[in-house]
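So that the names make sense, note that chain A is the first sequence line, chain B the second, and so on, each numbered from 1.
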There are 4 protein chains.
Amino acid sequence: MPEPGNPSHSRRSTRSHQAILQAALALCRENGYASVTIEGIAARAGVGKQTIYRWWPSKAAVVFDAFADVAPGFQAPHTGDLTADFRTFLFKVVRFLNDPDFGPCIAALIGEAQRDPDVRSMFVERFAESRLPRRGSIMARLESAQESGELPTSLDLSVLLEIVFGALYHRLLLGSGPLDKRYARLVVDTVLSGVGNASE
Amino acid sequence: MPEPGNPSHSRRSTRSHQAILQAALALCRENGYASVTIEGIAARAGVGKQTIYRWWPSKAAVVFDAFADVAPGFQAPHTGDLTADFRTFLFKVVRFLNDPDFGPCIAALIGEAQRDPDVRSMFVERFAESRLPRRGSIMARLESAQESGELPTSLDLSVLLEIVFGALYHRLLLGSGPLDKRYARLVVDTVLSGVGNASE
Amino acid sequence: MPEPGNPSHSRRSTRSHQAILQAALALCRENGYASVTIEGIAARAGVGKQTIYRWWPSKAAVVFDAFADVAPGFQAPHTGDLTADFRTFLFKVVRFLNDPDFGPCIAALIGEAQRDPDVRSMFVERFAESRLPRRGSIMARLESAQESGELPTSLDLSVLLEIVFGALYHRLLLGSGPLDKRYARLVVDTVLSGVGNASE
Amino acid sequence: MPEPGNPSHSRRSTRSHQAILQAALALCRENGYASVTIEGIAARAGVGKQTIYRWWPSKAAVVFDAFADVAPGFQAPHTGDLTADFRTFLFKVVRFLNDPDFGPCIAALIGEAQRDPDVRSMFVERFAESRLPRRGSIMARLESAQESGELPTSLDLSVLLEIVFGALYHRLLLGSGPLDKRYARLVVDTVLSGVGNASE
DNA sequence: AGTTAAGCGAGACGGTACGTCTCGTCTTACC
DNA sequence: GGTAAGACGAGACGTACCGTCTCGCTTAACT
């Protein structure tokens with residue numbers, strides 16, 4: 001959407017663009033995503049509604065952009081101990097998801113993705129993709145593990161991440177239990193070592 | 001909410017009650033949860049809006065009730081082979097989540113749960129709880145596995161199910177890949193045996 | 001529109017109805033018809049917009065109703081002197097059209113009638129019709145004049161009134177000169193006696 | 001507004017000027033004045049909106065200019081019979097007002113004049129003034145009638161024309177009856193000879 | 001069997017936000 | 001420097017639903 005350098009967007013007002021993203025983010029944090037409205041964003045940003053509709057297809061797209069601007073990526077360490085490195089990475093993710101500025105917003109966007117297919121693909125393509133910087137660092141660590149023989153080369157690493165993040169999202173979305181370090185450790189250990197003992 | 005036998009509800013009209021649930025279900029399946037409205041349900045059911053508001057706190061509660069009426073539970077087999085039994089169970093779940101009459105509706109309810117805390121707790125308590133019939137059968141199979149030594153007794157089975165269902169929900173909610181038997185098998189195998197080989 | 005006794009309107013809220021008409025009238029007088037908006041009326045009346053759209057087809061219809069509620073009718077005297085009686089009647093009309101609470105509003109409604117055919121027919125049927133009370137009194141006087149021989153029975157009295165009121169409207173709408181007693185007298189005299197002298 | 005020869009306008013693009021007037025006229029005739037917009041004119045004329053705003057104060061001014069360019073004036077004959085000459089003149093006016101290319105447009109401009117005082121004065125000064133060419137010919141005929149004694153010299157001819165045109169406008173604006181030759185004849189005869197017979 | 005109070009259908013009500021439209025101004029790039 | 005193009009702030013439009021409320025009507029339970 002906002003593609004810097006794209007000449008077809010050269011007339012776009014930077015001031016309005018930034019004001020809209022900041023307003024969206026602020027409103028989302030203050031009262032929760034559900035209470036964010038296009039009218040509210042426009043009013044807060046001192047901008048006409050049309051200016052928002054001109055550049056974004058939906059409320060979710062605005063919030064997502066605002067959010068993508070500020071959401072950090074995480075570095076996965078490489079100490080040589082895959083399990084430890086994975087745990088360290090997941091602790092960061094869990095801390096992020098527990099941050100009241102981010103967790104509820106992510107949950108809400110996944111919720112919105114159920115109403116609007118565009119949001120769904122936006123979320124996957126720009127946030128949850130293993131190729132993207134966000135998951136890129138842990139992916140690199142896992143690929144390195146495949147090279148070093150810590151993980152089988154036949155393994156689909158994307159699936160591995162889906163299982164791990166799916167477990168975190170289960171608690172984020174449903175509140176079925178605390179989303180803490182202990183849980184993160186359990187998830188990593190389960191995925192890497194398995195829970196069965198008979199068949200090993 | 002609708003508690004048969006509760007004398008305070010004795011005057012409740014069965015006809016309206018049923019008509020509302022059926023209308024809600026039908027509308028949800030025809031145009032998707034997002035386009036369901038209380039007004040629409042009332043019109044379709046030939047019922048006053050107040051009658052809905054009298055007995056349900058929200059749109060989601062109506063749809064959830066309608067949905068709970070018809071959603072099947074699944075039996076987990078007990079052949080002695082835990083991995084095989086778990087796979088069999090998960091195949092059924094995957095088939096259910098792929099059913100256009102159920103999958104999108106569940107996804108939408110999880111989405112709605114992000115807007116309405118009541119829906120979130122309703123979903124957990126009446127659908128995703130491991131004590132409930134829905135997950136009860138696989139829980140029983142897992143407990144039996146603990147008794148037989150196939151699984152360590154220290155294991156928190158609820159967490160195990162959260163990881164497994166979280167993996168399925170990741171694809172259900174985000175469409176990050178096909179929600180098929182192959183994926184289900186990968187999830188079961190990963191959770192039971194783990195993917196690491198160096199540290200074992 | 002508001003037809004007292006009509007059972008199909010029995011649910012209509014009298015309070016809202018009155019509040020809307022009063023708000024419309026007040027706004028029209030304060031800032032002129034052009035600046036009246038449905039939103040403004042709704043806000044001023046403490047009423048939902050839908051309540052206005054439910055009962056009136058357009059802004060003009062609301063203002064017209066509000067206006068019709070308060071616009072007075074005029075009695076034409078019957079002294080036996082037709083010219084004098086006609087003049088007296090027209091003096092009242094001129095005073096009415098000069099009233100800042102009425103004249104500009106009538107002019108605006110005639111203006112609106114050029115944009116909306118419904119307003120045009122509403123204006124004619126409910127305001128300018130010779131059968132209506134508003135023009136009824138002078139019509140009765142003219143008919144009496146026909147019976148007494150003061151006016152030829154072949155005369156189309158409606159046309160007569162169109163000429164007279166057309167002359168007044170010319171000044172009301174275009175401001176082509178003062179809309180005063182002197183002008184009213186000239187109009188009456190011209191219509192009754194004519195301006196030519198050669199052919200008489 | 002567009003004053004040829006005015007040096008301050010020397011940079012004005014003739015091509016744009018003409019295109020704007022033609023576009024305004026065409027749009028007005030195609031869909032009616034109410035649906036004409038500055039944006040529409042600009043798009044149709046292949047012109048920037050600013051170019052219109054630079055040279056005209058309002059939509060009405062553009063349309064009026066476009067309209068004044070093409071509206072014909074009428075010659076009043078001079079046969080010696082005032083009544084006949086007046087009738088002939090008015091027949092032409094009535095035919096003009098019934099022309100779908102002109103009548104509705106004039107009605108709309110009078111309507112617009114009720115919203116915008118500038119339009120009102122523009123209409124009077126450039127269209128309905130008795131000194132202007134438009135009414136000049138009949139004025140000359142009436143003045144000649146005063147000289148020949150057909151009309152009293154004390155008569156205010158402007159008022160006479162206001163009565164006559166007011167009668168026509170009454171039907172044009174309100175549709176209170178057919179705007180035809182019969183009506184025109186009645187108006188002329190009434191104004192010249194009067195309708196009363198007793199008091200004469 | 002008649003009374004009475006609830007649940008019921010219907011839908012008007014005060015609101016909020018929607019997404020669209022048009023306004024008149026402002027900005028940019030071209031010629 | 002005037003122009004075509006069109007983004008911008010503003011704000012009304014008419015619609016859709018919300019959740020509340022008041023109507024009479026129906027109906028079951030309790031005199």
Side-chain angles (χ1 to χ4, degrees), chain A residues 7-17 19-20 35-43 45-55 57-59, chain B residues 7-17 19-20 35-43 45-59, chain C residues 7-17 19-20 35-43 45-55 57-59, chain D residues 9-13 15-16 19 35-40 42-43 45-59:
Chain A
S8 79
H9 290 155
S10 55
R11 307 285 207 87
R12 186 169 192 175
S13 155
T14 335
R15 197 197 64 77
S16 296
H17 186 179
I20 288 165
S35 74
V36 176
T37 65
I38 298 271
E39 300 218 310
I41 296 173
V47 139
K49 283 163 68 179
Q50 196 60 50
T51 301
I52 300 182
Y53 284 110
R54 193 168 4 242
W55 300 109
S58 65
K59 174 179 92 166
Chain B
S8 79
H9 291 154
S10 54
R11 301 281 268 271
R12 183 168 193 175
S13 154
T14 339
R15 197 199 65 77
S16 296
H17 186 181
I20 288 165
S35 73
V36 176
T37 63
I38 297 273
E39 302 219 296
I41 297 173
V47 138
K49 284 163 65 179
Q50 196 59 252
T51 303
I52 301 182
Y53 284 111
R54 194 167 6 242
W55 301 108
W56 287 276
S58 67
K59 173 179 94 163
Chain C
S8 80
H9 290 154
S10 56
R11 307 283 211 96
R12 186 169 192 173
S13 154
T14 336
R15 196 196 65 77
S16 297
H17 186 179
I20 288 165
S35 74
V36 176
T37 64
I38 298 271
E39 300 221 320
I41 297 173
V47 138
K49 283 163 70 178
Q50 197 58 52
T51 302
I52 300 181
Y53 285 111
R54 189 157 18 234
W55 300 109
S58 66
K59 175 179 90 166
Chain D
H9 292 153
S10 55
R11 306 282 223 114
R12 184 169 194 174
S13 154
R15 196 200 65 78
S16 295
S35 74
V36 176
T37 64
I38 298 270
E39 308 226 21
V47 138
K49 284 163 65 180
Q50 197 57 251
T51 303
I52 301 182
Y53 283 111
R54 198 170 358 247
W55 302 109
W56 286 274
S58 67
K59 174 178 93 163

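Comparing B:Val36 and A:Arg54, the nucleotide of DNA chain F nearest to each residue sits closer to the 5' end for A:Arg54. With the nearest nucleotide of DNA chain E identified for both A:Thr37 and D:Gly40, A:Thr37 has the one nearer the 5' end. If A:Ala45 and C:Lys59 are placed on DNA chain F by their nearest nucleotide, the residue sitting closer to the 5' end is A:Ala45.
Distance from the side chain of B:Thr51 is smallest to E:dC8 among E:dC8, F:dT3, E:dT22. Taking only side-chain atoms of C:Ser16, from C-beta outward, the nucleotide of E:dG9, F:dC17, E:dG14 with the closest atom is E:dG14. Checked against F:dG14, F:dC8, E:dA12, the side chain of A:Ser13 finds its nearest nucleotide in F:dC8. Of the listed nucleotides (F:dT20, E:dT28, E:dC13), F:dT20 has the atom at the smallest distance from the side chain of B:Tyr53.
Here NE2 of C:His17 is found 9.5 Å from CH2 of C:Trp55. Values are rounded to the nearest 0.5 Å. The line from CD1 of A:Ile20 to CD1 of A:Ile38 is 9.0 Å long, rounded to the nearest 0.5 Å. Atom OG1 in B:Thr51 sits 12.5 Å away from atom CD1 in B:Ile41 (nearest 0.5 Å).
As a whole-Å value, the separation of A:Glu39 CD from F:dG14 C1' is 14 Å.
At a cut-off of 3.5 angstrom, the base of E:dA10 holds at least one donor-acceptor pair with the side chain of C:Arg11. No N or O donor and acceptor, one from the side chain of A:Lys49 and one from the base of F:dG11, sit under 3.5 Å apart. Judged by distance alone, with hydrogens and angles left aside, A:Gln50 brings a side-chain donor or acceptor within reach of the base of E:dC21, the pair sitting under 3.5 Å.
Distances shown here put a side-chain N or O of B:Trp55 below 4.0 Å from the OP1 or OP2 atom of E:dC8. Distances shown here put a side-chain N or O of C:Arg15 below 4.0 Å from the OP1 or OP2 atom of E:dG14.
Nucleic acid contact for C:Gly46: sugar-phosphate only, since backbone atoms but no base atoms lie under 4.0 Å from a heavy atom of the residue.
Proximity of a side-chain donor or acceptor of A:Lys49 to a complementary backbone N or O of A:Ala42 within less than 3.5 Å is not detected.
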